[in-house]
Amino acid sequence: MSKHAIDLTLNGQRRSAGVEARTSLADYLRLDAGCTGVHLGCEHGVCGACTVTVDGRAVRSCLMLAVQADGCAVTTVEGLAAPDGTFHPVQQAMREAHGLQCGFCTPGVLMTFAALTGGEARASEEELVSAMSGHVCRCTGYQGIRRAARALAEGTVGAGAGAAE
Amino acid sequence: MNAPNSSLGATRWIGQRVPRKEDPRLLTGRGQFVDDIVLPGMLHVAFARSPIARGRIVSIDTAAAREMPGVHGVLTMADLAARPITMLSFFFTEAEIPITPLADGHVSYAGEPVVLVAAETRAQAEDAASLVEIAYEELDPVVTIAQARTAGPIHPGMDSNVAAEIGDEEIEDELEDTLAGSALRLSHRIVHQRISQSPMETRGVLASRDGPEELQLWITCQSPHLVARWVSLALGLPDSAIRVVAKDVGGAFGLKNHPWKEECAVIVAALLMGKPLKWIEDRYEALTASNQAREAEMTLQAGFDAEGRLTGSHGIYDCNNGAFPQGADSNIAVHMFVWAAYKQPAYAFVSRG
C-alpha cells in the first residue's frame, strides 16, 4: 500500500503523519493520533458518531480520507474543552440537559452542535434539531438532546435550574 | 430535637438532581469502550462468513489468505477444536444442538463465521479473509416460521425445527364448549416483525491469555460477572481464571448478555495463539450476523359474553429464534402477559420456538 505524507493541525497541535491512501480520517484519528473519542458506529456515514470538525465544518470522519485532511485544522471531541478543563458550551448544555446515556453517539452530536454554534455561527433551535437528523442515538429518545439544542440556541446554558454543579 | 443531617444517607439523594459521574469522561472523549483498548502485540480479527443461509461446507482453502502480509493466523473450526469450549445457553445449560464458535461442516445462516483471520491490522485481516475460498453445497434455506414447519430439520440429527414447545394446539373440549357457547367468538392473527437490537457500539471483544489460568477479557456486555461465569463454565476454568472488564458500553438491548459464536472464536483463538486478539464487529457484520430477537406470529381466539366480559381464550404462538438461539425458548412470557392482563375464566395455549 502506498504511503502519503500529511500535515494537519489536530486540536491545536501540528501533526505530521504517513498514511495509506485508503485510510479514513476516522481510522487515522483513532489508531494513529489516539483520539479514541471519535467513535465508529457504522462506517457508512449514517450514524454520525464519528463526526469531527474540519476547518470549522462538521464532517463524518468515516467518509473522509486522511489524505484529504492534509493542510486542514481538525478538531475532535478531545479538543472541545478549555485547557483548564472547563467544558465547551455544547458539553455543558448536554450535561445539564441529560443529553447522553451510554455516551457512544455523544462525541458526534457535540461536534455537530459545536460547528453550528461556534464563532459567528448562531444556529436556531430548529436548525440544531434538524442537524440531529444526521445522528442516531439509541438511549435517550432525543428529548434531552433537544433540550440541549434549545439551551444553546437561547443562550441559557449554565443559567437554568438544570446546572449540574 | 436534632434536625436531620442532610449530608448523610439517602437524604442526600432523594428529591435531588444527581449529576452522573461518568458524564465528564463521556463528554470529553475519555470513555473506554472495547475498541479503545490497545495491548502490546495485539492482533486484529476478521471473519470469512457464509454468504448463504444453509449449506454443507465442501472445502475451505486458506492458502492465499495465509500468504498475505501481516497475517499471523488463519483458523477453521478444525483448528479451534484443539481447545474445546462448551457454548452454553443464557440459562447456563448445554445447548440441545452442537453449537461451535466457527461453522463445523455446515452453515445454518447467512453471515455465520467460518474462518477466523488474525493479522496486525484490521485492514490486513479483512484483506486476507476476502481471499479465503469456501465451497458450499447449497441447501434450501429455512427462513420463515411457515418454512420451518414443513422443512426437514436444519440441524442434522434433530426431529424437527421446533427447539421448545409448551402446551397444545388442540383446544380441549371444555374450553371449546365455552368459546362455542359465548355470545361473541373472535379470532385474530398478529404478526410481529424480527427485532434487531442494533446497539450503537457493535459487539466486540479483546481477549488476552496472560497465563495458564489467567484470561483477561475486555468485552462490551451487560454484566461482566455473568460473562465471567459463562466463560469459566464454557472453558472449564475456575472463576478466578477469568477477569472481565467492561468500563463503558455503547448499548446492548439484550444482545450482549453473554459471548456468542464470534466472541468464543476469538477467546479460543487467543488461548491457542497466545497473543491478545481483538475483534470489533463492523455494522455490516452486525446487521448480517448478530443474533436477533424474536419474530413472532400469534393467533388468539377469545370468547365474550353478552356484556363484553371475556369467557375464555386460546393462543397459538410461534416465534422464530433463528438457527442458533441462545437457548431453546418458546417465549412463554407472552402467555403470562395475556393471562395476567385480563380477568378470564379460562386460557389455554401452545407456545413454540
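In what follows, chains carry the letters A, B, and so on, assigned in the order in which the sequence lines appear, proteins first and then strands, with residues in each chain numbered from 1.
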Checklist entry - Does B/R243 pair with B/D210 as a salt bridge, N-O distance under 4.0 Å? => result no
Checklist entry - Ion pair present between B/E285 and B/R122, side-chain N to carboxylate O less than 4.0 angstrom? => result yes
Which one of [options] has the most heavy-atom pairs closer than 4.5 Å to chain B?
{"options": "A/E20, A/H88, A/Q101, A/H98", "answer": "A/Q101"}
{"options": "A/G99, A/C137, A/G37, A/C102", "answer": "A/C102"}
{"options": "A/G41, A/C35, A/C105", "answer": "A/G41"}
{"options": "A/V109, A/L80, A/L110, A/L100", "answer": "A/L100"}

Is the backbone N or O of [Y] less than 3.5 Å from a side-chain atom of [X], with the two atoms forming a donor-acceptor pair by type?
{"X": "A/R147", "Y": "A/A97", "result": "yes"}
{"X": "A/S24", "Y": "A/D27", "result": "yes"}
{"X": "B/R283", "Y": "B/M200", "result": "yes"}

Next on the checklist: Working note: A/N11 + A/T76, criterion side-chain hydrogen bond (donor to acceptor under 3.5 Å, both in side chains); need CA distance, chi angles, decisive distance, verdict.
Outcome noted: CA-CA 7 Å; A/N11 296 330; A/T76 68; 3.0 Å; yes
Checklist entry - Of the options B/E126, B/E112, B/E281, B/E262, which is the one that meets B/R49 in a salt bridge (Lys or Arg N to Asp or Glu O under 4.0 Å)? => result B/E262
So what's closer than 4.5 Å to chain A heavy atoms on [X]: side chain, backbone, both or neither?
{"X": "B/A286", "value": "neither"}
{"X": "B/R20", "value": "both"}
{"X": "B/D36", "value": "both"}

Pairs of heavy atoms under 4.5 Å with chain A: top-ranked of [options]:
{"options": "B/Q32, B/Q197, B/R25", "value": "B/Q197"}
{"options": "B/G251, B/P199, B/P69, B/S198", "value": "B/S198"}
{"options": "B/I280, B/V18, B/D35", "value": "B/D35"}

Checklist entry - Is it the backbone or the side chain of A/E78 that comes under 4.5 Å from a heavy atom of chain B, or both, or neither? => result both
Next on the checklist: Is the ring pair A/H39/B/F33 parallel, tilted or perpendicular, if the boundaries are 30 and 60 degrees?
Outcome noted: perpendicular
